[in-house]
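Working notes, structure below.
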Amino acid sequence: NECAEFCKAVGATKFYASGHEFLENYPFHSSVLRMSASMEVIPDTNASLFPVTDKTSRQWREIYNSKMSGVDNASYLSNKGMIDILNKGSGYFIHRDGVLLGIGIASDDRIDCVASVVPGAGADVIAALTHALMYETVNLEVSSTNHRAISLYERLGFIKNAEISRWYKIF
């Protein structure tokens, strides 16, 4: 409760928490779902991946924070977080014919971020990001309240297979 009071004192208008049994006394807000798909079912694309660099990281981060600001359970990307993405080499711009379709984060067997900047380009962004992966199964996480993303992922062959966390509205 001290944390909630501190957040109110510094001006927070919403506060969500996860991870403790006593939180179940608060209204359920959302959960984070894991979804998986076989690489075989995801359609291919002619969109291209361009890795984020030091010179392009500011633009990438601005797009990320803008697109994720309205998504439940998404976090704000700090400068340190951007440095981590650069060091790992997992951040990408996705283009087709010189047009920016979106951005994403992908490595190993996971897509950690999908954000299209052109309406309807989400499938191409996801398909392009799979080219950066090294395994036969693609995993991602999505907020249960992000119905448009879930619908897209299901159309592409992703299946919900786990609830990772539950979030409750404290105020």
Check: Are the charged groups of Lys88 and Asp84 less than 4.0 angstrom apart, N to O?
Finding: no

Check: Would a distance-only check, ignoring hydrogens and angles, find a side-chain to backbone donor-acceptor pair under 3.5 Å from Ser116 to Pro119?
Finding: no

Margin query: I'd like to know if the side chain of Asp109 reaches the main chain of Tyr135, judged simply by a donor and an acceptor atom lying under 3.5 Å from each other, with no hydrogens or angles considered.
Written below: no

Next item on the list: Hey, could you give me the CD1/OG1 distance between Ile126 and Thr45, rounded to the nearest 0.5 Å?
Entry: 11.0 Å

Item checked: Residue from Ile111, Val114, Leu33 passing side-chain contact (heavy atoms from CB on, under 4.5 Å) with Tyr153 -> Val114

Margin query: Let me confirm one number: the OG1-CD distance from Thr56 to Gln59, rounded to the nearest 0.5 Å.
Written below: 7.0 Å

Note to self: Below 30° counts as parallel, above 60° as perpendicular, anything between as tilted: where do the rings of Phe93 and His95 land?
What the structure shows: tilted

Next item on the list: Using only heavy-atom distances, determine whether the side chains of Tyr76 and Arg61 contain a donor-acceptor pair under 3.5 Å.
Entry: yes

Check: Salt bridge between Arg110 and Asp112, side-chain N to carboxylate O under 4.0 Å?
Finding: yes

Check: Shortest non-hydrogen contact from Ser36 to Asn161?
Finding: OG-ND2, 2.7 Å

Check: Is a donor on one side and an acceptor on the other found under 3.5 Å between the side chain of Ser69 and the backbone of Ser66?
Finding: yes

Item checked: Test side chain to side chain contact (heavy atoms under 4.5 Å, CB included) applied to Leu49 - qualifying residues, sequence neighbours left out -> Tyr92, Ile94, Ala128, Leu129, His131, Ala132

Margin query: Between Arg34 and Glu163, does any NZ, NE, NH1 or NH2 come within less than 4.0 Å of an OD or OE carboxylate oxygen?
Written below: no

